[in-house]
Protein chains: 2
Amino acid sequence: MVTIGEAARRSGVGIELIRYYERTGVVTGPERSQAGRRQYCAAEVHVLRFIRRCRDLGFSLAEAKSLLGIASSEQLACGDAQSVGQRHLESIRQKITDLQQMEAALVQLMLPCKAGQQDCSMLDTLLEGPESDWPPQDRCLNI
Amino acid sequence: MVTIGEAARRSGVGIELIRYYERTGVVTGPERSQAGRRQYCAAEVHVLRFIRRCRDLGFSLAEAKSLLGIASSEQLACGDAQSVGQRHLESIRQKITDLQQMEAALVQLMLPCKAGQQDCSMLDTLLEGPESDWPPQDRCLNI
DNA sequence: TCTTGCTCCTGTAGCGCCTACAGCTTGCAA
DNA sequence: TTGCAAGCTGTAGGCGCTACAGGAGCAAGA
């Protein structure tokens, strides 16, 4: 049984963030000491580390919670975990593609300025330029 | 002079978003009709489109506002715009690199499951696996 | 003229994922 | 005993939207 500070150190999840996860139901609250302090057992520290690893891999908290549920269910449902992972992998690849297109568009936009022209074609294009084909109008681009 | 609905249509920025931009000082509010309705001139619609293009390219609202300031200043400071753009380009490239490493780590994590083993090594690794070298501990990974 | 239906208005609250602070109590060592 | 670190709760802020409630204005048709 360790304190929240020690749990934070061992899991790599900050103290405030641990309390936030508890408050929002991502993890269940641990036992409390008589004085009301949180006391974490090894398994609970494992869970925190699990969440952190999921977050490091870009999973949302909802996905992390879902994977945690799969991982701690009686019958180990590998297929379920695989499909969560696969969906996530596709979303990562989509983001990479979007960012690469963004990068290309930005490079294109900034290129003419390097020629040392008088006007800044970058700002001109942003202000009045033609409609580019980027971004496609029908896709969400909150990256 | 057009209504907010028409300005939204012409600029590609939603009505609620236009009001949000005005409320948060990204753009200045337009004239009002006697009944208190917003009335946009062509230049104001241009500004909205400028903001949208910046956002499409991944600039933050603060950066967009800054670029707008540069674009509408008397002496056209192309160098300033270039440096904002260059910094942004580097951050896009950093994000791409991070995502690619994330992708590789995820593929690595999910690979062994495909072999049809009894245990799900993906979940096992997330739960108890060794510390991977990804992510590096000293970098922000909120992507 | 009246009604219908669209557009517009303000204000507020919610999302996801934290981060930070105020103001308090507890625990431990010197 | 004193002093400080570490814990506690509750609340607010940041980013960039999005969505609603509850009202007012406006143009076109019956």
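Throughout, a chain's letter reflects where its sequence line sits, starting with A, and its residues are numbered from 1. The figures here come from the full heavy-atom set of this structure, side chains too, leaving out hydrogens, waters and symmetry mates.
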Asks: Checking A:R49 side chain against A:R10 main chain: does a donor-acceptor pair fall under 3.5 Å?
Replies: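 Side chain of A:R49 to backbone of A:R10, a donor-acceptor pair under 3.5 Å: yes, one is there.
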Asks: For the pair A:E90 (side chain) and A:R87 (backbone), establish whether a donor and an acceptor sit closer than 3.5 Å, ignoring hydrogens and angles.
Replies: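 Between the backbone of A:R87 and the side chain of A:E90 there is no qualifying donor-acceptor contact (under 3.5 Å).
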Asks: Please determine if a side-chain N or O atom of B:Y20 lies less than 4.0 Å away from the OP1 or OP2 oxygen of D:dA19.
Replies: no
Asks: Any base atoms under 4.0 Å from B:T24, or only sugar-phosphate, or nothing? Heavy atoms, all strands.
Replies: nothing
Asks: Figure out the CZ/C1' separation between A:R9 and D:dA5, and round it to whole Å.
Replies: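 Distance check: A:R9 CZ to D:dA5 C1' gives 12 Å.
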Asks: DNA chain C: B:G5 or A:S33, which has the more 5' nearest nucleotide?
Replies: B:G5
Asks: Is any side-chain N of the basic residue among A:R38 and A:E22 closer than 4.0 Å to the acidic one's carboxylate O?
Replies: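 Yes.
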Asks: Respond yes when some side-chain nitrogen or oxygen of A:R23 is under 4.0 Å from OP1 or OP2 of D:dG10, and no when none is.
Replies: no
Asks: Expressed in angstrom and rounded to an integer, what is the separation of B:D56 atom CG from D:dG16 atom P?
Replies: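 Result: 14 Å.
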Asks: If you pin A:L17 and A:Q34 to their nearest nucleotides in DNA chain C, which one's is more 5'?
Replies: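 Counting from the 5' end, the first nearest nucleotide belongs to A:L17.
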Asks: Could you give the CD-to-P distance, from B:E22 to D:dG16, as a whole number of Å?
Replies: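 These atoms are roughly 18 Å apart.
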Asks: Check whether any side-chain nitrogen or oxygen of B:T3 sits under 4.0 Å from OP1 or OP2 of C:dT7, and answer yes or no.
Replies: no
Asks: Quickly work out the A:L48 CG to C:dC17 C1' distance and round it to whole Å.
Replies: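 One finds 16 Å between C1' of C:dC17 and CG of A:L48, rounded.
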Asks: How far does the helix from C:dT1-D:dA30 to C:dA30-D:dT1 bend, going by the axes of its first and last five pairs, to the nearest 10°?
Replies: 30°
Asks: Closest-nucleotide mapping onto DNA chain D: is A:R37 or A:E16 further toward the 5' terminus? I mean the 5' end.
Replies: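 Residue closer to the 5' terminus by nearest nucleotide: A:R37.
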Asks: If I take atom CD in residue A:E6 and atom P in nucleotide C:dG27, what distance separates them, rounded to the nearest angstrom?
Replies: 18 Å
Asks: Can you see if the side chain of A:R38 gets near the phosphate of D:dC8 - specifically, an N or O under 4.0 Å from OP1 or OP2?
Replies: yes
Asks: Check the distance between C:dC6's C1' and B:I15's CD1 and give it to me in whole angstrom.
Replies: 11 Å
Asks: If only side-chain N and O atoms of B:Y21 are considered, is one of them under 4.0 Å from the OP1 or OP2 phosphate oxygen of D:dG16?
Replies: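 It does not, given that no N or O in the side chain of B:Y21 lies less than 4.0 Å from OP1 or OP2 of D:dG16.
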Asks: Return the value, rounded to whole Å, for the distance between atom CD of A:E63 and atom P of C:dG16.
Replies: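 In whole Å, C:dG16 P and A:E63 CD are 12 Å from each other.
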Asks: Please check if the side chain of B:K65 supplies one atom and the backbone of B:G25 the other of a donor-acceptor pair under 3.5 Å.
Replies: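 It does hold such a pair.
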Asks: Could you walk me through whether A:R37 and A:E6 pass salt bridge (Lys or Arg N to Asp or Glu O under 4.0 Å), step by step?
Replies: CA-CA 13 Å; A:R37 301 199 164 192; A:E6 187 57 29; over 6 Å; no
Asks: Rounded to the nearest Å, what distance is computed from the CD1 atom of residue A:I4 to the P atom of nucleotide D:dA5?
Replies: 19 Å
Asks: Rounded to the nearest 0.5 Å, what's the gap from CG on B:L111 to CG on B:L106? Could you check?
Replies: 10.0 Å
Asks: Indicate whether OP1 or OP2 belonging to C:dT10 is found under 4.0 Å from a side-chain N or O atom of B:R32.
Replies: yes
Asks: Below the 4.0 Å mark, does C:dC9 have OP1 or OP2 next to a side-chain nitrogen or oxygen of B:R19?
Replies: yes
Asks: When you measure from the side chain of A:H88 to the backbone of A:L57, do you find a donor-acceptor pair of N or O atoms at a distance under 3.5 Å?
Replies: yes
Asks: Ignoring hydrogens and geometry, is there a side-chain-to-backbone donor-acceptor pair from B:R93 to B:T97 under 3.5 Å?
Replies: no
